[in-house]
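Quick notes on the structure that follows.
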Number of protein chains: 2
Amino acid sequence: MTSVLVVDDEPQIVRALRINLSARGYDVMTAYDGKSALGVAVEGKPDVVVLDLGLPDIDGVDVIAGLRGWSTIPIIVLSARTDSSAKVEALDAGADDYVTKPFGMDELLARLRAAVRRNLAREAGDPVVETSSFVVDLAVKKVRRDGHEVHLTPTEWGLVEILARNPGRLVSQKQLLQEVWGPMHVNESQYLRVYFAQLRRKLEDDPAHPRHLITEPGMGYRFEM
Amino acid sequence: MTSVLVVDDEPQIVRALRINLSARGYDVMTAYDGKSALGVAVEGKPDVVVLDLGLPDIDGVDVIAGLRGWSTIPIIVLSARTDSSAKVEALDAGADDYVTKPFGMDELLARLRAAVRRNLAREAGDPVVETSSFVVDLAVKKVRRDGHEVHLTPTEWGLVEILARNPGRLVSQKQLLQEVWGPMHVNESQYLRVYFAQLRRKLEDDPAHPRHLITEPGMGYRFEM
DNA sequence: CCCCGGCCTCAAGAACGCGTAAAAGCCGGG
DNA sequence: CCCGGCTTTTACGCGTTCTTGAGGCCGGGG
């Protein structure tokens with residue numbers, strides 16, 4: 001059975017999640033602050049963590065760091081609509097996805113399933129990522145579309161590679177810029193816009209309405225399979 | 001029994017790996033710094049090495065170079081999440097795979113099995129690679145075209161051999177330069193242009209439009225069969 | 001309602017990397 | 001010592017890629 005650790009200081013949210021998750025067959029653990037969350041995580045080894053950023057004791061980002069110190073358990077962040085810089089920090093610290101409060105239960109459940117599925121896939125270590133319209137082969141560094149190879153420049157490939165290694169996961173602008181252009185260019189978000197436009201022209205069926213290379217405004221980009 | 005050398009300066013990581021690997025039937029050796037790692041490797045001839053990049057005495061890349069000086073033992077590198085350039089250096093220096101800390105034990109075990117399997121396959125490996133216009137015989141170091149032998153200089157052969165051992169795969173300029181000219185010449189990409197032009201004149205039907213020795217601008221070269 | 005921030009698109013010059021040729025340097029054998 | 005084969009170096013034209021700036025669009029907040 002899949003186990004979930006829910007961390008939030010608002011009892012009604014914890015209760016709602018416990019009810020919904022249990023009903024769907026998840027094993028639910030809970031914590032109301034960062035400190036006990038870390039303890040429960042070590043004890044219970046959950047398969048996924050749902051973490052509210054606004055905890056009473058520890059900053060959410062530090063909780064993420066504490067978990068990432070010893071594990072790669074997927075973390076889904078909950079946060080209020082306003083603190084958007086906190087969300088980006090959380091992603092950079094190693095969170096896998098985020099959901100804005102107030103949230104629909106269906107959305108959260110979908111992201112939870114995706115996070116768990118992704119984690120299983122990653123541990124298998126498959127070097128080929130496939131979408132409905134194109135295929136990324138990480139081992140030989142090729143992209144094919146309709147059986148037919150698409151040429152990517154080094155910069156384009158750098159972006160595709162990072163996203164394809166984190167399918168479904170939201171990757172922050174900072175991380176992309178840092179890994180492709182280096183630490184000196186972490187603020188050149190215009191580069192990303194230009195290159196994502198280029199990639200969509202090459203890879204998407206309808207570049208104006210991308211289905212796989214998704215922008216999350218203010219946050220980063222996501223590769224949907 | 002398969003033997004593994006674990007090199008890391010963090011005792012808790014070494015301990016965790018020792019326990020998990022022993023339980024799965026591996027013979028485990030350990031070292032806490034680069035110098036003793038090289039010693040133990042020489043003594044114990046492990047089948048695979050797990051190497052942390054952040055060692056106290058020697059830079060991880062130099063440890064890789066030290067091992068590669070006399071052996072082709074597969075090396076799996078461990079490293080912290082942030083330094084992505086270190087990753088590239090490590091792979092270029094001859095590491096076989098790369099796992100970011102923190103890592104899941106399952107993932108590491110999978111990569112370990114893969115590394116050992118690849119190594120066995122390579123040692124058994126098929127010594128002849130064939131294309132539509134020429135044949136590379138890796139066992140006797142000869143190339144034939146129309147039944148009729150083509151003479152290659154030592155440098156030319158070095159390039160052909162690396163590419164032929166990785167058919168279809170993109171091989172980086174750095175890796176080619178490193179393996180053929182040595183670590184001091186990893187930036188002399190002009191050498192590659194000169195030699196690839198030469199090889200194409202000797203091997204391709206139409207040297208101006210190569211079908212097998214393919215340039216991927218800015219990235220490297222690829223051998224297409 | 002307007003303003004503003006973030007995003008998409010387009011285009012043009014600069015910078016870069018590639019292929020090619022040919023000269024110069026190196027080295028061992030005759 | 002001279003010669004031939006191999007490697008290294010230099011030079012240049014050319015196409016591609018990267019960078020940068022400007023303009024337009026959209027949605028949220030004041």
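A note on names: the letters A, B, ... follow the listed sequences, proteins ahead of strands, and every chain is numbered from 1. All of these numbers come straight from a predicted model, not from anything done at the bench.
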Quiz item: At how many degrees, to 10°, do the end axes of the helix from dC1(C)-dG30(D) to dG30(C)-dC1(D) meet when each uses five pairs?
Solution: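 Inter-axis angle at the ends, rounded: 30°.
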Self-check item: Donor-acceptor pair present, Q190(B) side chain and dT8(D) base, under 3.5 Å
Solution: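 It does not, because no donor-acceptor pair links the side chain of Q190(B) to the base of dT8(D) below 3.5 Å.
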Practice problem: Please determine, by modelled atom types, if S172(A) and D92(A) share a side-chain donor-acceptor pair under 3.5 angstrom. | Solution: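 Yes, a side-chain donor-acceptor pair sits under 3.5 Å.
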Quiz item: Is a side-chain donor-acceptor pair under 3.5 Å present for Q198(A) with R201(A)?
Solution: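 Distance-only check fails for R201(A) and Q198(A).
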Please determine if a side-chain N or O atom of [X] lies less than 4.0 Å away from the OP1 or OP2 oxygen of [N].
| X | N | result |
| --- | --- | --- |
| W181(A) | dC18(D) | no |
| R193(B) | dA21(C) | no |
| T153(B) | dC6(D) | no |

Practice problem: Measure from the side-chain heavy atoms of V194(A) and tell me the nearest of dT20(C), dT9(D), dC10(C). | Solution: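 Minimum distance to the V194(A) side chain belongs to dC10(C).
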Exercise. Ignoring the backbone of P154(A), work out which of dT9(D), dC10(C), dT17(D) is nearest its side chain.
Key: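 Taking heavy atoms from C-beta onward, the closest nucleotide is dT17(D).
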Quiz item: Taking atom P of dT20(C) as reference, at what distance in whole Å does atom CG of L199(B) sit?
Solution: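 Rounding to the nearest Å, CG of L199(B) and P of dT20(C) are 12 Å apart.
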Quiz item: So what does Y195(B) hit on the nucleic acid, given a heavy-atom distance under 4.0 Å: a base, only sugar-phosphate, or nothing?
Solution: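 Base contact - Y195(B) has a heavy atom under 4.0 Å of at least one base atom.
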Practice problem: Describe the nucleic acid contact of S189(A) in one word from base, sugar-phosphate, nothing, applying a heavy-atom distance below 4.0 Å. | Solution: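 The answer is nothing, as S189(A) stays clear of every strand by at least 4.0 Å.
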Self-check item: Criterion side-chain contact (heavy atoms from CB on, under 4.5 Å) on T155(A) and W181(A), from CA distance to verdict
Solution: CA-CA 8 Å; T155(A) 308; W181(A) 279 272; 3.4 Å; yes
Quiz prompt | salt bridge (charged side-chain N to carboxylate O under 4.0 Å, His left out) against E188(A), all qualifying residues, sequence neighbours excluded | solution =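 Result, salt bridge (charged side-chain N to carboxylate O under 4.0 Å, His left out) vs E188(A): none returned.
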